[in-house]
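In what follows, a structure is listed as structure tokens, so that the remarks can point back to it.
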Amino acid sequence: MPRLRPLLVTPWLLGCLWHAPAALGQTAPTQPNPPAAQTPQPSALDAELFYQLLLGELQRRTDPGAAYSLILDAAKRTRQPELFQRAIEIALQGRAPQAALTAARDWSAALPSDDEARRTELQLLIGLQRVRDMGPLLRDWIRAAPAARRPGLIALVPTALARATDKTEAVAAARVALEPSLRAPDTAAAAWAALGRVQRQAGQDADALQSARQAVRADPRSAPAALLALELLDAWPADAESLLQRHLLATRDAPDADPAVRIAYARALAERGRLPEGRALLQPAPPLDAEGQRRLRVAEARLLRDHDHAQEAYDLLNQALQTAPADTDLMYEQAMAAERLGRLAEMERLLRELIQRQPDDPHAYNALGYALADRGERLPEAKALIQEALRRAPDDAYIIDSLGWVEFRLGNLSEARRLLADALQRRPDAEIAAHLGEVLWVLGESDLARAVWRQGLELDRRNRTLTETLRRLGVEP
């Protein structure tokens with residue numbers, strides 16, 4: 001007699017049973033310390049619903065359309081987020097993105113306060129390039145959110161529309177999404193700044209400047225407004241600087257309100273040959289607290305180091321460490337300044353001390369490993385240090401770049417190429433582009449190397465590693 005095949009209950013179905021308070025008349029196990037403010041769950045999972053879910057799972061491979069219909073019907077009746085998510089998964093596995101979008105919209109309609117429902121619907125619209133539909137979704141999401149959360153959702157608009165292939169449609173969608181926020185006094189500055197960023201993405205710099213003006217007019221203290229003006233420095237230098245000066249004037253009595261703007265503005269000035277003006281922006285003033293002062297000192301030291309004033313950076317950090325000898329950020333920056341000055345033994349001492357103090361922090365491992373690899377010294381040890389860093393931060397593009405560079409130094413060109421291409425895809429960066437371009441150049445792929453270097457120059461034409469690489473190889477991309 002043939003043996004019956006065992007019934008396989010999927011982990012997803014077990015999860016649904018767990019979340020249901022009662023299944024087939026039995027009480028579900030109690031979860032310790034349940035999270036607060038969860039979406040209300042259905043009160044019971046009766047025999048008919050259990051059978052429907054089980055049948056949907058069994059049909060998932062042989063008839064995904066029927067499985068989708070069964071699970072989505074159950075989701076709409078129970079208003080359980082896990083069931084909507086499962087219906088979307090089944091639709092996507094069956095290559096039916098429109099059906100997945102339908103399920104996501106049903107989810108949003110059933111649970112309008114569920115952010116995950118709106119986020120899922122937005123992701124599907126992005127994938128389908130349904131740009132026009134994104135405007136109303138984002139508008140309604142922002143409008144329904146509590147006041148404290150609206151700035152964050154407004155800032156999401158440029159990110160959500162960045163992948164739109166039709167940039168004109170993206171700007172139109174942004175206007176729809178932000179129209180109510182543009183008129184509300186408490187959100188106008190953030191909304192105009194977000195619209196300006198979408199216009200920048202579309203190459204509409206003149207319109208972006210007008211949006212920046214509107215944002216600063218709505219609230220000159222707004223950091224998003226000032227950061228948009230910073231993005232326009234190259235295209236409209238005089239106008240952008242005027243807006244930035246208005247921002248600095250408005251925040252002069254609260255310097256801790258805009259340390260990110262000041263640091264970015266200082267960096268932009270230094271890159272344009274105006275280092276003293278950039279440093280002046282980073283001078284602490286009362287009533288800036290100790291943490292704010294520390295951030296400015298670190299930023300000033302980086303500014304000096306990156307613009308060939310490593311000795312001044314070192315001296316500044318040495319002075320700061322006299323009053324805060326246990327500050328690991330200051331120690332790390334001093335190690336980087338020592339490396340730039342050629343004091344390699346001191347750099348290594350500082351980084352190894354940091355590793356002892358913070359053994360789970362990947363940055364000191366990576367910095368020491370990269371410094372050794374860049375000089376072609378103790379390469380097996382350099383690789384081990386970088387691998388330790390990567391174990392602690394496996395998705396960090398800069399650490400992946402370091403590993404690719406040490407593989408290049410070891411002569412493992414194909415592995416170096418793979419790692420550096422992965423790093424550049426994860427994080428477009430001029431230094432990573434410099435490394436990948438050099439590996440491609442050595443491999444004889446000169447046309448691709450030039451294309452990668454051109455990409456790097458578009459990202460940061462002044463990057464030290466990239467410019468030195470091109471000079472050393474005698475290449476004009």
Side-chain angles (χ1 to χ4, degrees), residues 123 126-127 158-165 167 197 200-201 203 231 234 264 267-268 271 302 305-306 336 339-340 362-376 379 382-477:
Q123 289 169 346
I126 292 170
T159 304
L161 291 167
R163 287 173 52 192
T165 54
K167 299 303 182 183
R197 283 202 169 81
R200 282 268 296 144
Q201 291 165 185
E231 292 181 23
D234 285 331
R267 188 180 301 120
E271 287 173 353
R302 287 179 182 170
R305 186 189 78 215
D306 292 342
M336 296 299 97
E339 187 268 344
R340 189 62 62 85
H363 300 297
Y365 294 96
N366 182 56
L368 181 54
Y370 177 79
L372 293 172
D374 202 39
R375 286 166 173 76
L379 293 177
K383 182 174 178 179
L385 285 163
I386 295 166
Q387 286 174 327
E388 278 295 312
L390 196 62
R391 188 171 65 82
R392 289 162 172 79
D395 298 320
D396 190 302
Y398 292 121
I399 299 176
I400 296 171
D401 168 65
S402 296
L403 186 58
W405 196 235
V406 78
E407 293 287 9
F408 172 64
R409 293 296 198 188
L410 287 164
N412 303 324
L413 298 184
S414 61
E415 180 64 2
R417 186 188 197 279
R418 183 189 69 81
L419 288 165
L420 291 168
D422 179 32
L424 189 62
Q425 182 177 15
R426 289 171 183 265
R427 189 180 185 95
D429 177 87
E431 184 159 339
I432 300 174
H435 291 155
L436 178 57
E438 184 162 353
V439 172
L440 293 168
W441 187 262
V442 172
L443 284 167
E445 302 179 51
S446 56
D447 289 343
L448 186 54
R450 284 191 169 92
V452 169
W453 283 326
R454 284 195 295 270
Q455 179 186 353
L457 290 170
E458 288 173 6
L459 292 166
D460 183 0
R461 184 164 293 276
R462 302 175 181 89
N463 180 267
R464 183 191 185 101
T465 301
L466 179 55
T467 54
E468 288 186 353
T469 298
L470 295 173
R471 179 188 53 77
R472 174 168 47 83
L473 296 175
V475 177
E476 184 69 31

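The neighbour count for R375 CZ, taken as heavy atoms of other residues, nucleotides or ligands under 6.0 Å away, is above 12.
In this structure, CZ on R454 lies 12.0 Å from CG on L466, to the nearest 0.5 angstrom. A distance of 13.5 Å separates CZ of F408 from CZ of R417, quoted to the nearest 0.5 Å. With rounding to the nearest 0.5 Å, the separation of NZ in K167 from CG in L161 is 8.5 Å. L470 CG to L457 CG: the interatomic distance, rounded to the nearest 0.5 Å, is 6.0 Å. Taking CD1 of I386 as the start and CG of L390 as the end, the distance is 9.5 Å to the nearest 0.5 Å. Note: L436 CG to D429 CG = 12.0 Å, rounded to the nearest 0.5 Å.
A side-chain donor-acceptor contact under 3.5 Å links R392 to the backbone of E388. Listed for the D396 side chain is a donor-acceptor partner under 3.5 Å among the backbone atoms of I399. No donor-acceptor pair under 3.5 Å is formed between the side chain of R427 and the backbone N or O of A397.
When each of L424, D460, T465 is checked for a side-chain contact (heavy atoms from CB on, under 4.5 Å) with E431, only T465 meets the rule.
Contact annotation: the side chain of L403 approaches that of Q387 to within less than 4.5 Å [non-hydrogen atoms, C-beta and beyond]. Two residues are said to be in side-chain contact when any heavy atoms from C-beta on lie closer than 4.5 Å; L473 and W453 meet this criterion. With a 4.5 Å cut-off on side-chain heavy atoms, E438 and W405 count as touching. Side-chain contact between L420 and D401: present, with at least one pair of heavy atoms (C-beta onward) separated by less than 4.5 Å. Residues E445 and V439 fail the side-chain proximity criterion, which asks for heavy atoms closer than 4.5 Å.
Of the charged side-chain nitrogens involved, none lies within less than 4.0 Å of a carboxylate oxygen, so that E468 and R471 do not count as a salt-bridged pair. A salt bridge is absent between E339 and R305: the closest approach of a Lys/Arg side-chain nitrogen to an acidic carboxylate oxygen does not fall below 4.0 angstrom. Here E271 does not pair with R267 in a salt bridge; the nearest charged N to carboxylate O distance is not below 4.0 Å. Ion pairing between D422 and R418 fails under the 4.0 Å rule for side-chain N and carboxylate O.
Residues A433 and V452 come closest through the heavy atom pair O-CG1, 3.4 Å. Between L440 and A449, the closest heavy-atom pair is CB-CB, 3.8 Å. Taking each heavy atom of A382 and G369 in turn, the nearest pair found is CB-O, 3.4 Å. Residue G404 comes nearest to A416 through the heavy atom pair O-CB, 3.3 Å, listed as atom of the first residue, atom of the second, then distance. Of all heavy-atom pairs between P428 and L459, the closest is C-CD1, 3.5 Å. The two residues N366 and S402 come nearest to each other via the heavy atoms OD1-OG, 2.8 Å.
Using the six-membered ring where Trp is involved, H435 and Y370 have ring planes that are tilted, between 30° and 60° apart.
Contacts of K383 classified as side-chain hydrogen bond (donor to acceptor under 3.5 Å, both in side chains), with partners at least two apart in sequence or in another chain: E407. Partners of R461 according to the side-chain hydrogen bond (donor to acceptor under 3.5 Å, both in side chains) rule, which considers only residues two or more places apart in sequence or in another chain, do not exist here.
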